[in-house]
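The structure appears right after this line, and notes come after that.
In what follows, every chain begins at residue 1, and chains take the letters A, B, ... in the order their sequences are listed. Everything numeric here is computed off the predicted structure, so don't read it as measured data.
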Protein chains: 2
Amino acid sequence: MENVRELFQVMTKRFGLLNKNCCSIGGTEISLVQSHILYEIDRLKEPSMQQVADSLAMDITTFSRQIQTLVKMNLVKKTPYPEDRRIYILSLTPEGKYVASKIDAEMNQYLNEVFSHMSEFEKESVLRSIKLLNDCMAKSSVCCKPLF
Amino acid sequence: MENVRELFQVMTKRFGLLNKNCCSIGGTEISLVQSHILYEIDRLKEPSMQQVADSLAMDITTFSRQIQTLVKMNLVKKTPYPEDRRIYILSLTPEGKYVASKIDAEMNQYLNEVFSHMSEFEKESVLRSIKLLNDCMAKSSVCCKPLF
DNA sequence: ATTAATATTTGCATTCTGCAAATAAATTTA
DNA sequence: TAAATTTATTTGCAGAATGCAAATATTAAT
């Protein structure tokens, strides 16, 4: 059988390129990491700084600075958490939501284009496979720690 | 149906983490990009600088400097190409080969652990799906340009 | 009331990045 | 063949990203 890692490497590289291409929305130009951060904030509901940083497996100090940038760009809002004043809750501003949704739409459009090269049956099979894979990676003890 | 992008995002993030974990081999500690470069040089046979940079969708100037570092670390060799003296051919030194193979082994071991959580049938299905996906991404006009 | 733990920020030094320009060699054009 | 164009690679530079150590502020534990 062919090299399993090779298959994954090719796939994730291509998907990474897709992601990279999706980072300029109208006037705003954001980096790949910033795109990931927006995505994560949107996905987790009312997360703290620490939570998002953990989920992205990012160093908290780097993350802190990225958030400062995103706040300055008016894409992210930091709200003090009354119950525990050490904590800040992150959320997307309307502009941030707009950018995130635009990126999401573009990504899904690209993915649809990719799936247009296969049958509906194949598409279902591929999606089922990826879901299964994600579940198994979540179960794995050895890797993929960050909670996601 | 659930969000297709979400599935991909989760999967590639986890695989990315795996990759990140696999970058320290014995004494040598290399970055994720450097690991990708070694992988790519090994995969393409006797590639030029430009070829590898293209394949990784990396800026050639950044790439050039990364190669300088890897040459200093004695992991990569640059050989002038007699037929066209503008070109340098890249190859792995024995030490580079060792590091690359160690990383490869570790990655495959991790992946095997992940696959151990599914049946043989499921594993086959997942691998077939990823292969199909790679083919379709290669066909896609809209993205994933870099040749790979 | 101290001490320890947690969340976040800043200082600093290193590395990464990518555009513009330089260099060098090959190819095309006139 | 000489000049102009293209291609491969390297350097200058300046900005961005990274991560460790230390600082700060707050909460939890003793």
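- Going from atom OH of A/Y81 over to atom P of C/dT8 covers 12 Å, rounded to whole Å.
- With hydrogens and angles disregarded, a donor-acceptor distance shorter than 3.5 Å links the side chain of A/Q51 to the backbone of A/S48.
- Applying the side-chain contact (heavy atoms from CB on, under 4.5 Å) test to B/T12 and every residue at least two apart in sequence or in another chain returns A/T12, A/F15.
- We find that CG of B/D84 is positioned 8 Å from C1' of D/dT7, with the value rounded to whole Å.
- Atom CD of A/Q50 and atom P of D/dT27 are 16 Å apart (whole Å).
- Note: CD1 (B/I67) to P (D/dA8) measures 16 Å, nearest angstrom.
- One can place CD of A/Q68 at 18 Å from P of C/dA7, the figure rounded to the nearest angstrom.
- Taking a cutoff of 4.0 Å between a charged side-chain nitrogen and a carboxylate oxygen, A/D104 and B/R5 qualify as a salt bridge.
- Here B/S48 lies in heavy-atom contact (under 4.0 Å) with sugar-phosphate atoms only.
- Side-chain N/O atoms of A/R85 include one lying less than 4.0 angstrom from OP1 or OP2 on D/dT26.
- In terms of modelled atom types and a separation under 3.5 Å, the side chain of B/S116 and the main chain of B/E113 share a donor-acceptor contact.
- Using a 4.5 Å heavy-atom threshold, the side chains of A/E6 and B/R43 count as touching.
- Taking atom CZ of residue B/R86 and atom P of nucleotide C/dT27, one finds them 6 Å apart after rounding to whole Å.
- Remark: side-chain polar atoms of B/S125 are not paired, donor with acceptor, to backbone N or O of B/F121 under 3.5 angstrom.
- The distance from atom CE of A/M49 to atom C1' of D/dT26 is 15 Å, rounded to the nearest whole Å.
- With distances taken from any side-chain atom of A/S64 to the nucleotides D/dA25, C/dT10, C/dC16, the minimum falls on C/dT10.
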**OP:** If a protein heavy atom is under 4.0 Å from the base, mark B; if only from the sugar-phosphate, S; if neither, -; do that for nucleotides 17-23 of chain C going 5' to 3'.
**Re:** SBBB---

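- By the side-chain contact (heavy atoms from CB on, under 4.5 Å) test, B/Q68 pairs with B/S64, B/R65, sequence neighbours left out.
- Atom CD of A/E83 is separated from atom P of C/dA7 by 15 Å (rounded to the nearest Å).
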